[in-house]
Structure formats: structure tokens, C-alpha cells
Amino acid sequence: MKKLYLAAIVYLYLPFVVFLFGWTRLLVALPVTLLTGAALYFCYRRLTAELSDTIHFGRLELLLLFILFFGLCVVGGGGDLFIQDGDWHKHHAILYSLVDYDWPVQYSGDVLLTYYLGQYIVPGFVGRILAGSHVAAVWAQTVWNALGLWIAYLFTCQYLKVTGKWKRFFIFCIFVFWSGATNLGSFVYQAIGNDASLCSYKWIDLNRVKVHFASNFDAIRGAFQHVVTPWICTAIFLNHKKEIAAYVMLALPLLFSATFGFVYFALILAAYAVYEFVQNKEKLSVIRQIFSPENLLLLPLTAVTLIYMGGNIFGDKPGVVGLDLLNMFYFRDFYLIFIAVEFVFYAVFLFREHRKDFLFYVITGELLLMPFISLGMFNDLCSRGSIPARFILMVYCIEQIYKYGAKNWRNFGIALIFLIGAWNTLDEMHVVVFTSFQYGIGSEQNINDNVKSFDGYAGNLTKRADEAFNYYTMNYSDSLFYKIARK
């Protein structure tokens, strides 16, 4: 399994290398890359030093699993064949900009494309070197996403120590169909006299309360950049919770690929580090891990990434896309139904097994508090930020099912909630596939690429607020990143 760790590190940090040499000066890119390489070498040595009870996959099995994840990504919109989620216009605009524009990508009006590019930049680079091909970039994006999901899956199997092929296939199915029972929540919400979003696959009340947790399939289909890297890093964390020296290595890719997930994943890591410090009698050893060479050597890359992202994060934005607090006590009927169907039922059935597990309380506490904080036009901080915690919840459920079997009443409860939510995913898949064939696979009606770039969108009040303010550094030549950027 050492090769899996190497593959994961390359996958997580190749986007940084492409970014450094494509977007920053050589005097910045070269030393930061060398320091990062040293840190990753130490992390690799640390994480693989005492591998035990590792599982083994045959080459054919690995290939078949990759094909399954590739097919999932294609059905989810990759390759421009099946009907795409509404967010794909953004994916296309960012990807096409990475292919068509000089790096760093600048739009007219002194505007820099500033977004969590980690999941896009390697496919965009492939499109650039292949004669500026949009088609090559789109298919490279599909392969890149599938590869990341495959890596996350393999680390999950390692954590669960699952050896049977049918059991492994079952885990793949869980990866595809995992969800809260959002549909059940919508019906209950409607039944008590509210106007529920009954036709939505992810919203219980889109009009009144913009809070939701998307199913795995819906998240992969609409926001793959928020899913792939968080799943990989969270899966590695589950295998090495006590390796605090590798925490920065695990958190940093989320900052560049899934910033909302980074916020809550960093809180999970920080909470667990504090817990280890309190519980461990060897306090000095924990402090040494916190200030380890692995963590410290990644600080220059962290600084460059923050300087780049800061141009967007600290830019002036209207309130509709800004940070806000939601009064869930006012929406208590919604809140109680939402938390129950999305994760509390699962948590109740897991409690006996994890009542002494500090991480269980951390993720449950996070999920309880997330609906109170809103950021973004559709509150992506909640939906996308919850992905690491909900991934851990999913893995805990799989672990308990394998440990106690189908006859355990708690596992029956987990299975019941899962099947209710899975029906929602199955219905969404049916609509995607049926509509795609109805229009014709690969037809223009299936492809959501009406926006070729975001040039002219920055600060444009005639555009949707998130598209006008969420992807840019305004007045780029006055920004701190401009001083270190490649000219």
C-alpha cells in the first residue's frame, strides 16, 4: 500500500506545483517547491513507517474499480455527455479560462481569476499543452476526478480492512448512494404545514431556509471540487489520526481545492490535536509533532496559497454572498427535522459503538452548529463545508455494519435511513440518464457551457451576485499576490 500513499501525495500536491510554476515567479516557485518536496518526503516516511494489516488489490480489480468511478463521473456530467448540473457553467468557465488565457489568468479591468483551482488546474494544463483543446481539458477533468475518488475509496478500504470483493463492491455502492433522508424530511416538513421543496434532491426549504447537505452523487455531479480532495484527506486522516506531524499536509490541499471544506476540516484537526495533547502524558512529544519539520516546511506554500486566495476572501462583496448568522431557533421546526434526517438518526445508531470516541463528538458537534452560519448565495459553507464530517459519519456506519452484521437493530436503523435517502439518489440518476438519452448523449442540450469565461463578470451588477464577486481579485495590480506573481 506504500504506492497508494505515493499516489495520494502526488495527486494532492501536483496542482500546487503546476500553480507555483505557472502563476508565480521562479524565485518563489523553486524554493517553495523544494521545501514542499522535503516536507512531503518526511510525511511519506512517517505515514508508511509502520503500515500493518494492509489489504491488497489485484490489478484487474483496481482497473475495474477505476472504470466504475470513471463511469460515475461521466454520468455526473464529466466528458459533456450526460445532462449537467447547473454549476457546470462555472466548471466550464474556469476550465476554459485555464486553457485559453495566459497564466496567471487575468480578465479585463485588472481582474485576476481567484478561486480554489486545485481540482481544475491539472486538467486545465493538459488542455493547454494539447493545442489549447477544451475537449481534452474536459476529459482530463473527468479522469482526474475519477482518479481522486478511486484513491479515497482505496484508503477507506484500508481503514476498514475489507478484503472480500463483494464487500468492496458494497462500499463502492455506499460511496455512490450515501445520503441523508432529505426526501423524508421534506415530506414531514410539508405535513406539519410548511412549504417544502418537494421536487428538490437536496433542499428541504429552498425559499425560506438556505441550508442543505447534498447526497454524495448530487455533490459529485454539481460540486466535484468540494468532494474529491476532502474525501482523500479525510480518509488518510482516519488511518492516521494520531500523526499530528502530517496535519498540515492533509489540510493544505483543501485550502486550494475546497476552501469551505478546509474550514471545518481544519477545526476537526485542531480539536483532535488538542485532545491528543490533553490525553497524552508525553506532552512534549505532542508539541514536537505540532512543530514538526513536516508541518513547518509547508508554511511557505501555505503563505503563498493564502496570499493568492486572500485577494478573493478579503475583497468587498455584497451581503447576499457574505458571512451571516442564521437564527435556527426561529426556524426550529426546519432545524429539528433537518438535523434528524441528515445525520442525527445515523449518530443515534452509532452512539453505543462510538460513545468513547472523541472524533465522533467533534463531527456531530460541527454538523449541529453548521446550519447557524451562512456564507455564499446558496450557503455553500454549510453544504460543502460539511463534507469531511459527513464522510467520517459514512465510514463509521459502514464500519459498524461490517462489525455487527444485518441482524443488529442499530444497523437495521442505519440501513433504513440509508435506503430512504438512496431512493432520492436513484431517482436523480434515473432522471439524469433518461433525460440524457432523450436529448441524445453528448447533445448540446445536455451541456451547460454557455459561459466560456468570466471575463466581464467581475463586479457586474447585471450578473448573478455569486458570479459577479466570488471568483476574482479586483484591482489585481494593487494586490499582494501581484508582487510575487509571474508577469
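What you are looking at is a predicted structure, and each value in this text was computed from that prediction instead of being measured.
- A donor-acceptor pair under 3.5 Å is absent between the side-chain atoms of T435 and the main chain of V432, judged by distance alone.
- Here the rule is ring pair (Phe, Tyr, Trp, His ring centres under 6.0 Å) with F69, and of F172, W144, W231 only F172 fits it.
- At a threshold of 4.5 Å between non-hydrogen side-chain atoms, the residues F349 and L416 do not count as touching.
- With no hydrogens or angles considered, no side-chain donor-acceptor pair links Y13 and T36 at under 3.5 Å.
- At most 12 non-hydrogen atoms from other residues, nucleotides or ligands lie less than 6.0 angstrom from CG of D102.
- For the pair R410/E353, no side-chain contact is recorded, criterion being any heavy-atom separation below 4.5 Å from C-beta on.
- The main-chain N or O of V138 is found under 3.5 Å from a side-chain atom of T142 such that the two form a donor-acceptor pair.
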task: Take Y11 and W150, measure what ring-ring contact (aromatic ring centres under 6.0 Å, His included) needs, and give me the verdict at the end.
output: CA-CA 11 Å; Y11 187 93; W150 180 74; 10.0 Å; no
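- Taking 4.5 Å as the limit, some side-chain heavy atom of W103 sits within range of a side-chain heavy atom of I121.
- N239 contributes a side-chain N or O that, together with a main-chain N or O of A235, makes up a donor-acceptor pair within less than 3.5 Å.
- Between Y439 and E444, the closest side-chain pair of non-hydrogen atoms is not below 4.5 Å.
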V211/N379 under side-chain contact (heavy atoms from CB on, under 4.5 Å): CA gap, chis, key distance, verdict
CA-CA 7 Å; V211 171; N379 193 11; 3.8 Å; yes
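- For the pair P15 and V10, the tightest heavy-atom approach, listed with the atom from each and the gap, is CD-O, 4.4 Å.
- If you look at F329 and F372, their ring centroids are closer than 6.0 Å.
- Annotation: side chain of L367 is not in contact with side chain of I339 (no heavy-atom distance under 4.5 Å).
- In this structure, Y275 has its ring center closer than 6.0 angstrom to the ring center of Y272.
- Figure legend: K463 and Y457 shown as a cation-pi pair, the cationic atom lying under 6.0 angstrom from the six-membered ring centre and within 45 degrees of its axis.
- In this structure, F125 places its CZ atom where only 12 or fewer heavy-atom neighbours from other residues, nucleotides or ligands lie under 6.0 Å away.
- Between F224 and W88, a ring centre-to-centre spacing shorter than 6.0 Å is recorded.
- Pairs engaging residues 411-434 under the salt bridge (charged side-chain N to carboxylate O under 4.0 Å, His left out) rule: R221-E428 [sequence neighbours left out].
- For F338 and F213, the gap between ring centers is short of 6.0 Å.
- Taking CZ from R390 and OG from S215, the interatomic distance works out to 8.5 Å, rounded to the nearest 0.5 Å.
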From CA spacing to verdict: side-chain contact (heavy atoms from CB on, under 4.5 Å), I192, I337: CA-CA 11 Å; I192 64 174; I337 292 171; 3.7 Å; yes
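- Not one N or O on the side chain of D324 forms a donor-acceptor pair closer than 3.5 Å with the backbone of S374.
- When the shell of 6.0 Å around CZ of F187 is examined, it contains 12 or fewer heavy atoms from other residues, nucleotides or ligands.
- Pairing each heavy atom of A347 with each of F360, the nearest pair is O-CZ, 3.4 Å.
- Going from atom CD1 of I236 over to atom OG1 of T156 covers 10.0 Å, rounded to the nearest 0.5 Å.
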Mind running side-chain contact (heavy atoms from CB on, under 4.5 Å) on L112 and Y472 for me, showing each step along the way?
CA-CA 5 Å; L112 176 73; Y472 324 102; over 6 Å; no
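- You'll find the ring centres of Y308 and F19 inside the 6.0 Å limit.
- The two residues A196 and S186 make their nearest non-hydrogen contact at CB-O, 3.3 Å.
- We find the CG-SG distance between L65 and C157 to be 7.5 Å, quoted to the nearest 0.5 Å.
- L206 contributes atom CG, which lies 6.5 Å from atom OG of S200 (distance to the nearest 0.5 angstrom).
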Considering only distance and modelled atom types, tabulate donor-acceptor pairs under 3.5 Å from the side chains of residues 249-268, sequence neighbours left out.
unit_1	atom_1	unit_2	atom_2	d
S257	OG	P253	O	3.3
T259	OG1	L255	O	3.1

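- To the nearest 0.5 Å, atoms CG (L323) and CD1 (I313) are separated by 12.0 Å.
- Using a 30° and 60° split on the angle between ring planes, F175 and Y153 fall in the perpendicular class, above 60°.
- Of all the heavy atoms in K202 and T182, the pair that sits closest is O-CG2, 3.7 Å.
- In this structure, D333 pairs ionically with R208, as a charged nitrogen and a carboxylate oxygen lie closer than 4.0 Å.
- Between the side chain of H91 and the backbone N or O of G222 there is at least one donor-acceptor pair closer than 3.5 Å.
- Two rings, from Y116 and H226, have their centers less than 6.0 Å apart.
- N446 and L81 get closest at one heavy-atom pair: ND2-O, 3.1 Å.
- In D316, the CG atom is not crowded: 12 or fewer heavy atoms of neighbouring residues, nucleotides or ligands sit closer than 6.0 Å.
- Checked by atom type and distance alone, the side chain of Y335 pairs as donor or acceptor with a backbone atom of L368 at under 3.5 Å.
- Residues D80 and H92 have side chains that bring a donor and an acceptor to within less than 3.5 angstrom of each other.
- Scanning all heavy atoms of the two residues, the minimum distance from I94 to F454 falls at CG1-CE1, 4.1 Å.
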Start with the C-alpha distance between W178 and C397, add both sets of side-chain angles, then the distance that settles side-chain contact (heavy atoms from CB on, under 4.5 Å), and finish with yes or no. CA-CA 10 Å; W178 180 263; C397 287; 3.6 Å; yes
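- Atom-to-atom distance recorded for H134:NE2 and Q141:CD is 13.5 Å, nearest 0.5 angstrom.
- You'll find the ring centres of Y346 and F418 outside the 6.0 Å limit.
- Two residues are said to be in side-chain contact when any heavy atoms from C-beta on lie closer than 4.5 Å; I244 and Y247 meet this criterion.
- Although no hydrogens or angles enter the test, the distance criterion places no donor-acceptor pair under 3.5 Å between the side chain of D466 and the main chain of V321.
- For the pair Y482 and S477, the minimum side-chain heavy-atom distance is below 4.5 Å.
- The aromatic rings of Y476 and F481 lie tilted to each other, with the angle between the two planes from 30° to 60°.
- Y201 is linked by a ring-ring contact (aromatic ring centres under 6.0 Å, His included) to nothing, counting only residues two or more places apart in sequence or in another chain.
- Looking at heavy atoms from C-beta onward, Q84 lies in side-chain contact with I447 at the 4.5 angstrom threshold.
- Of the candidates D110, T114, L113, T114 is the only one forming a side-chain contact (heavy atoms from CB on, under 4.5 Å) with T473.
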